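Note that these values count all heavy atoms, side chains included, but never hydrogens, waters or copies made by symmetry. Since the structure is predicted, the reported quantities are computational estimates derived from the model, not experimental observations.
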Amino acid sequence: LDIEDKCASRYMAVAIDNVKIEPSPKWMQDRLVAVGVRPINNIVDITNYVMMELGQPMHAFDRDLIGANDKEVSLTVRKSKDGEIIETIDGEHRKLDNNTIVIAKKDGAIAIAGIMGGGNSGVNSETKNIVIESANFNPELIRRASQKLSLSSESSVRFEKGLDVNLCADALKRAVELIAKVCPGAKVSSNIVDLPAQPESGLRSI
């Protein structure tokens, strides 16, 4: 993982294999509906549940969609290139300026950080392996990007206000606990990546 300067003050991630995508338990769905969040599937619901519970936005990637042939994952948290285009999970193709934080592979962006995931990397009905992200993105850059794109989300609203960096670890731990509870066959398959924003940091594999 590589983080460009001023994009994030902390970025944590962990890989979890052998998940089974299905509806989340009724108790979780009921609690999400009660706070106005539409249930989607167990993994996405867990990320939303933790966000509502602790206030820390999270995101889940399909590991097999963002990894290389050997499933090794190398990601960069960077500013977008002027004119860079990403298809978001709502099916829209969005043109970015050079001041929007994205999560990217070598061949392009896979998510608009803190705002919306990409259509080429999200959890779907066929997902078996995932990478869970818990980060603290630059609130000013999130605010600018949200306004520029006219795109707001439960995540962006929270990031814009600024979050305690310590929430990243609390949320990631809670998400892993819930995944173990909801997906008994799932297993953590990597060390936890936990990096501050250091331009000189080298790539690390999740």
Side-chain angles (χ1 to χ4, degrees), residues 1-19 43-44 46-68 70-80 100-106 109-118 121-123 127 129-142 154-156 158-183 186-206:
L1 177 75
D2 188 46
I3 306 176
E4 282 189 2
D5 189 27
K6 297 183 180 180
C7 285
S9 55
R10 191 174 192 183
Y11 190 96
M12 301 184 70
V14 67
I16 300 176
D17 290 351
N18 201 33
V19 299
I43 299 301
V44 174
I46 285 171
T47 63
N48 286 330
Y49 185 88
V50 173
M51 177 176 64
M52 293 301 176
E53 184 180 61
L54 299 179
Q56 171 66 47
M58 305 190 74
H59 187 67
F61 297 100
D62 183 310
R63 186 179 182 185
D64 298 308
L65 293 179
I66 65 174
D70 57 3
K71 296 186 180 179
E72 183 176 273
V73 178
S74 292
L75 300 177
T76 301
V77 184
R78 63 166 172 80
K79 290 182 181 178
S80 53
T100 300
I101 308 171
V102 296
I103 313 300
K105 302 191 300 180
K106 290 182 179 179
I110 59 172
I112 303 176
I115 301 178
M116 187 172 285
S121 62
V123 171
T127 297
N129 309 303
I130 62 174
V131 171
I132 293 280
E133 163 196 282
S134 184
N136 191 289
F137 297 114
N138 183 310
E140 183 178 348
L141 293 180
I142 296 294
E154 292 281 359
S155 294
S156 66
R158 286 166 172 78
F159 280 121
E160 287 175 25
K161 295 176 181 177
L163 295 172
D164 184 343
V165 294
N166 294 310
L167 276 177
C168 294
D170 294 341
L172 192 61
K173 179 181 178 182
R174 178 62 168 149
V176 171
E177 289 175 348
L178 287 170
I179 291 171
K181 182 177 182 178
V182 172
C183 302
K187 61 178 182 179
V188 173
S189 57
S190 74
N191 294 324
I192 293 175
V193 171
D194 185 2
L195 291 179
Q198 297 178 351
E200 69 276 16
S201 62
L203 285 174
R204 298 188 187 182
S205 297
I206 295 174

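S190 places a side-chain N or O within 3.5 Å of a backbone atom of A15 that can act as its donor or acceptor partner. For N129 (side chain) and N18 (main-chain N/O), a donor-acceptor pair under 3.5 Å exists by modelled atom type. Side-chain atoms of S80 come within 3.5 Å of backbone N or O of T100 as a donor-acceptor pair. Of the possible polar contacts, none joining the E160 side chain to the L141 backbone as a donor-acceptor pair under 3.5 Å is found. In this structure, E133 contributes its side chain and F61 its backbone to no donor-acceptor pair below 3.5 Å.
The heavy-atom pair separating L163 from P57 by the smallest distance is CD1-CD, 3.5 Å. Across Q56 and A135, no two heavy atoms sit closer than the pair NE2-O, 2.7 Å. Considering all non-hydrogen atoms of both residues, G122 and D62 come closest at O-CB, 3.6 Å. Of all heavy-atom pairs spanning A186 and I16, the tightest one is CB-CG2, 3.9 Å. Contact between I3 and L195 at its shortest, heavy atoms only, is CD1-O, 3.6 Å. Considering every non-hydrogen atom in both N191 and V14, the closest pair reads O-CG2, 4.2 Å.
E177 is linked by a side-chain hydrogen bond (donor to acceptor under 3.5 Å, both in side chains) to nothing, counting only residues two or more places apart in sequence or in another chain.
When side chains are defined from C-beta on, E154 does not count as touching N48, because their heavy atoms never get closer than 4.5 Å. The shortest side-chain heavy-atom distance between S155 and H59 does not fall under the 4.5 Å cut-off. Side-chain contact between I112 and S156: absent, with no pair of heavy atoms (C-beta onward) separated by less than 4.5 Å. Within the 4.5 Å cutoff, no side-chain heavy atoms of E140 are placed close to those of K6.
Summarising the geometry, atom OG belonging to S134 is positioned 12.0 Å from atom CE belonging to M51; distances are rounded to the nearest 0.5 Å. F137 CZ to I103 CD1: the interatomic distance, rounded to the nearest 0.5 Å, is 4.0 Å. Going from atom SG of C183 over to atom CD1 of I43 covers 4.5 Å, rounded to the nearest 0.5 Å. Put simply, NZ on K173 and CD1 on I192 are 10.0 Å apart, with the number rounded to the nearest 0.5 Å. Atom CD1 in I179 sits 5.0 Å away from atom CD1 in I46 (nearest 0.5 Å). A distance of 12.0 Å separates CG of D2 from OH of Y11, quoted to the nearest 0.5 Å.
Within 6.0 Å of atom NZ in K105, more than 12 heavy atoms from other residues, nucleotides or ligands are found, so the atom counts as buried in its surroundings.
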